[in-house]
Amino acid sequence: RLGDVGAVLDLRVYSNLRLSGSLPASVGQLQALTYFQLSDQPVMSGELPLSFYNLSALQTLNFDGPMGISGTISSQIGAMRALTYITIDKHARMSGTLPSELGGLSLLGSLSLTGNRRISGSIPGSLGAGPLLVSLVLGNNDALEGELPAEMGTWDAVQTLYVYQHARLSGTIPAELGDMASLLDLRVYSNLRLSGSLPASVGQLQALTYFQSPDQPVMSGELPLSFY
């Protein structure tokens, strides 16, 4: 059994195109594990076992698809306090909502959630609240809906923010965006239902070095003078 291997610190299982079955529950016994990569396993299946969230020493979680694993991102992820890096990309079968507990991971520095077609619901206001979270990437999550949270004004550490290719996100870009004083790189594009105008508060982003916002077909209004 995988859980009997011993003091494994680094486990990477990827690009095994015929490896099938589910991730065994015994993975939760790997209490020394700090790095786990499970990527490009298209014929693996089954739900992510709840025992996975027992990996209290885990620092890096890389689930980069395409993957056949299903289930949800449990609120129990909030107990994985050592996490510094999370990538969950290209999961066609994972579903459910984004747990607010992701925002309580005080050591998290990078969070990437892209190409997860069945993850639904709204973006939690706490998602970018981690004191060390410098990079937040949300892209091509087709079932995400609702508005961008006004709480993004409290995402004090975020330097890189990407929100792109969402068909159901709606509403306007909140004025509180201007309170993200650490923001260096902002890319908001191809969100087909995002409406309204670019808020004048964007001019408060004095650290900003890169700004991209094309292909927003229902956004309107003039570029605010504060932009200059």
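Residues F36 and N62 have side chains not in contact (no heavy-atom distance under 4.5 Å, counting atoms from C-beta outward). Within the 4.5 Å cutoff, no side-chain heavy atoms of L144 are placed close to those of L113. By the 4.5 Å heavy-atom criterion applied to side chains, Y162 and L186 are not counted as neighbours. Considering only heavy atoms from C-beta on, L61 stays 4.5 Å or farther from T87 through its side chain. You'll find the side chain of L17 reaches within 4.5 Å of the side chain of P42, heavy atoms only. Between E151 and E176 the shortest side-chain heavy-atom distance does not fall below 4.5 Å. With contacts defined as side-chain heavy-atom distances shorter than 4.5 Å, the pair M180/D156 does not qualify. Considering only heavy atoms from C-beta on, I73 comes within 4.5 Å of M94 through its side chain.
Separation of atoms CE (M44) and OG (S20) is listed at 8.0 Å; rounding is to 0.5 Å. Atoms CG and OG1, from D10 and T60 in turn, are 8.5 Å apart once rounded to the nearest 0.5 Å. Of the inter-residue distances, the one linking Y164 atom OH with L138 atom CG reads 9.0 Å to the nearest 0.5 angstrom.
Within a 6.0 Å radius of CZ in F211, other residues, nucleotides and ligands contribute more than 12 heavy atoms. Under a cut-off of 6.0 angstrom, the local environment of CZ in R93 is sparse, with at most 12 non-hydrogen atoms contributed by other residues, nucleotides or ligands.
In this structure, V137 is not a member of the same hydrophobic cluster as I77, with clusters built from ILVMFWY side-chain heavy atoms closer than 4.5 Å. Under the 4.5 Å side-chain heavy-atom criterion for grouping Ile, Leu, Val, Met, Phe, Trp and Tyr, V134 is not connected to I123 through any hydrophobic cluster.
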Test I86 against L102 for side-chain contact (heavy atoms from CB on, under 4.5 Å), laying out the working first. CA-CA 10 Å; I86 299 175; L102 283 166; 4.0 Å; yes
Could you walk me through whether L83 and Q59 pass side-chain contact (heavy atoms from CB on, under 4.5 Å), step by step? CA-CA 4 Å; L83 279 170; Q59 298 173 17; 5.9 Å; no
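Residues S106 and P131 share a closest heavy-atom pair of O-CG, 3.6 Å. Residues V202 and P224 come closest through the heavy atom pair CG1-CG, 4.3 Å. Closest approach of L58 and Y35 over heavy atoms only: CD1-N, 3.7 Å. Listed here is the closest heavy atom pair of Y85 and L108: N-CD1, 3.6 Å. Here the closest non-hydrogen pair linking A150 and P174 is CA-CB, 4.2 Å. Nearest heavy-atom pair across S100 and S126 is O-OG, 3.0 Å.
Residues passing the salt bridge (Lys or Arg N to Asp or Glu O under 4.0 Å) test with D179: none are found, sequence neighbours excluded. Residues satisfying the side chain to side chain contact (heavy atoms under 4.5 Å, CB included) criterion with V13, sequence neighbours excluded, are L11, N16, L19, L38, Q41.
For the pair S22 (side chain) and P24 (backbone), a donor-acceptor distance under 3.5 Å is absent. A side-chain donor-acceptor contact under 3.5 Å links S201 to the backbone of A175. Remark: side-chain polar atoms of H91 are paired, donor with acceptor, to backbone N or O of F63 under 3.5 angstrom. Proximity of a side-chain donor or acceptor of T209 to a complementary backbone N or O of L184 within less than 3.5 Å is detected.
Electrostatic pairing of K90 and D64 counts as a salt bridge here, judged by a charged N lying under 4.0 Å from a carboxylate O.
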